[in-house]
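Keep in mind the model is a prediction, meaning the values are calculated, not measured. Quick note on labels: first sequence line is chain A, next is B, and so on, each numbered from 1.
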Amino acid sequence: MRRPDPRTVRWSILIGMLVLWELVPLTGLLPELFLPRLSKTLHVLWLDLDKYFAALLVTLYEVAIAMVIACGFGIVAGATIGGIAALRELLLPVFSSLYAVPIVILYPIFTAWFGIGSESKIMFAGIYGFFPVMLSTAAGIRTIDPQFLLAARSMGATVYQQITRVIIPASLPTVFGGLRLGGALAIIGVVVSEMLTASAGIGYLVTLNRTILDSPRVFAGILAILVLSVAYDILARALERRMVVWQSAGRKQQDTPRPIAGGAPAPAAA
Amino acid sequence: MKRWHIILVRLAILATILAAWELLPRTGTVNPLLLPPLSEVLVTLKVQLARPLVQEAILITALEVIVAFIIAVPLGAAAGVAIAEFPYAGAIFKPMLFYVFSIPKSIFLPMFILIFGIGFQQKVAYAAFTTAFVVLMSATAAVESVKSDYVLVARSFGATPLQILRRVYVPSMMPVLLETLRISMIFNFTGVMIAEMYASRTGIGHLISNWGENFQMPQLFAGVIILSVVAIAFNETVRYLEARCSTWRT
């Protein structure tokens with residue numbers, strides 16, 4: 001018997017989960033307080049669409065700024081530290097040690113300093129994303145093949161040409177990897193901090209409805225965040241593939257999501 | 001740079017940061033209410049560590065971290081090895097893992113609270129849930145890091161599966177396995193912290209979030225120092241072991 005295509009199996013699993021989400025509460029296997037029906041969740045999402053939309057806008061605004069901080073500083077710092085040998089020896093081990101500290105414990109400090117508005121979320125998510133982006137950029141920038149530079153130099157490339165024709169294209173995969181990681185972490189950081197202490201945003205909406213035991217609205221919020229993060233991942237991945245297509249000469253790349261790569265950091269799973 | 005040079009420069013950087021932490025609030029450059037001087041924080045740290053309430057909170061947090069770790073590692077490792085060893089399972093599940101990784105796991109906290117309440121079990125369940133994914137991915141990577149040539153050679157010499165496991169898989173995976181343990185512990189710790197800060201009656205995460213809400217900055221900084229020191233100490237110990245186990249590779 002031929003096994004079905006993996007893609008078909010994946011979609012069947014997804015559809016099966018959605019069907020179970022509807023059927024399990026319907027048949028009373030789980031009380032609706034624990035798991036409200038999918039149809040009911042979608043219904044309240046539709047009823048409160050403007051509320052969820054407004055919350056999502058706040059979250060997106062915070063994510064956007066946090067992403068600029070995490071990716072901007074992270075990529076620049078990572079390229080500097082990874083590219084200069086002295087700095088690398090001096091600082092990289094220190095940063096990988098500091099990486100062990102759960103950054104979420106700093107969040108109470110940020111709320112005390114910046115209040116419970118957007119500022120504390122942006123700062124927290126920015127720093128939350130900064131470290132992994134910096135570490136992965138520092139690790140990635142070293143993978144540039146020195147042979148490329150040697151070849152360019154022997155053919156008489158000027159410094160400007162070396163930068164625009166060799167260094168920038170060769171570091172693109174690293175930079176895009178950093179952007180994707182930084183964005184994902186910024187989303188996680190903003191959602192986590194909104195759930196902890198906030199007065200607006202989609203994470204706040206989830207927590208607010210949880211405290212009043214309004215399960216359908218909690219699950220509507222969860223659904224909105226799920227869609228947001230998966231959509232971001234698909235978008236970032238498509239962009240990345242398009243930009244670095246020359247590296248694999250258009251071949252399809254087979255890789256496992258590796259949280260660890262030669263000391264490079266793991267994307268957070270908070 | 002020479003080795004002792006590096007250490008000297010690092011110590012100098014550390015000393016500068018600590019001195020700034022002490023002097024900036026003392027001279028009034030930074031509001032001491034927002035950033036209490038280091039000496040004040042250290043005094044508070046000593047006082048807090050002597051309080052039974054704090055000791056109990058640390059003990060509970062430590063228990064939660066350990067239990068969650070014991071649950072998450074075998075579960076995640078088994079699933080990870082299965083995905084790496086059975087290509088069909090890998091083809092189905094590997095692409096899903098990308099999405100799972102980018103989802104903030106904290107959005108499932110309300111479900112854990114509804115099912116387990118806000119006690120010990122909920123912290124353990126949530127932390128184990130978040131950690132299992134990290135272990136799964138690292139375990140897949142660990143198995144895939146074993147060069148298939150080694151397995152082929154061993155098999156050609158007539159090694160039994162058990163021998164292949166003991167003589168090929170375990171030694172080549174050892175450094176990656178330790179790295180897996182280290183990374184998963186970071187996430188495990190983070191998971192317990194988030195769960196405690198979100199809704200809890202005890203635990204050190206609950207304490208620091210309370211101190212933050214009550215604007216008790218010396219206590220808050222003392223708590224952050226305790227947690228950071230513990231996290232870094234564990235991490236460095238495993239890193240040391242990692243370095244010792246991977247010397248044969250290079």
I'd like to know which of [options] tops the heavy-atom pair count under 4.5 Å against chain B.
| options | answer |
| --- | --- |
| A/Val206, A/Val101, A/Ile187 | A/Val101 |
| A/Val191, A/Val190, A/Leu14 | A/Val191 |
| A/Ala236, A/Ala85, A/Pro102 | A/Pro102 |
| A/Ile234, A/Leu106, A/Ile222 | A/Ile222 |
| A/Thr111, A/Ile109, A/Ile202 | A/Ile109 |

Check your understanding: So with a 6.0 Å cut-off around CD of A/Glu32, is the heavy-atom count from everything else above 12?
Key -> yes
Interface moiety of [X] toward chain A, non-hydrogen atoms closer than 4.5 Å:
| X | answer |
| --- | --- |
| B/Ile113 | side chain |
| B/Phe215 | side chain |
| B/Met185 | neither |
| B/Met111 | side chain |
| B/Leu220 | side chain |
| B/Ile13 | side chain |

Review point. With a 4.0 Å cut-off, would you call A/Arg180 and A/Glu240 a salt bridge?
Key: yes
Check your understanding: Is it true that B/Glu236 and B/Arg239 make a salt bridge, defined as a side-chain N closer than 4.0 Å to a carboxylate O?
Key -> yes
Which atoms of [X] approach chain B - backbone, side chain, both or neither, heavy atom under 4.5 Å:
| X | answer |
| --- | --- |
| A/Thr207 | both |
| A/Val218 | side chain |
| A/Phe219 | side chain |
| A/Ile13 | side chain |
| A/Leu213 | side chain |

Study note, to complete from the structure: When every non-hydrogen atom of B/Ala199 is compared with those of A/Arg210, the smallest separation belongs to CB-NH2, 4.2 Å
Exercise for review: Taking B/Asn188 for its side chain and B/Val65 for its backbone only, find out whether a donor-acceptor pair lies under 3.5 Å.
Suggested key: yes
Practice item. Check for a donor-acceptor pair, side chain of B/Lys105 on one end and backbone N or O of B/Val100 on the other, with a separation under 3.5 Å. Key: yes
Point to revise | B/Phe221 and A/Trp113 aromatic ring geometry - parallel, tilted or perpendicular at 30°/60° bounds | key: tilted
Point to revise | Parallel, tilted or perpendicular: rings of B/Phe112 and B/Phe116 (30°, 60°) | key: parallel
Point to revise | Candidate pair B/Met193 and B/Thr61, rule side chain to side chain contact (heavy atoms under 4.5 Å, CB included), full reasoning | key: CA-CA 8 Å; B/Met193 279 304 124; B/Thr61 302; 3.6 Å; yes
Review point. Does the pair A/Phe131 and A/Phe95 meet the rule for a ring-ring contact (aromatic ring centres under 6.0 Å, His included), with working shown?
Key: CA-CA 8 Å; A/Phe131 274 97; A/Phe95 280 122; 5.8 Å; yes
Point to revise | Most chain A-contacting option - heavy-atom pairs closer than 4.5 Å, from B/Pro110, B/Gly212, B/Gly205 | key: B/Pro110
Review point. Do A/Thr197 and A/Tyr107 have side-chain atoms, one donor and one acceptor, less than 3.5 Å apart?
Key: no
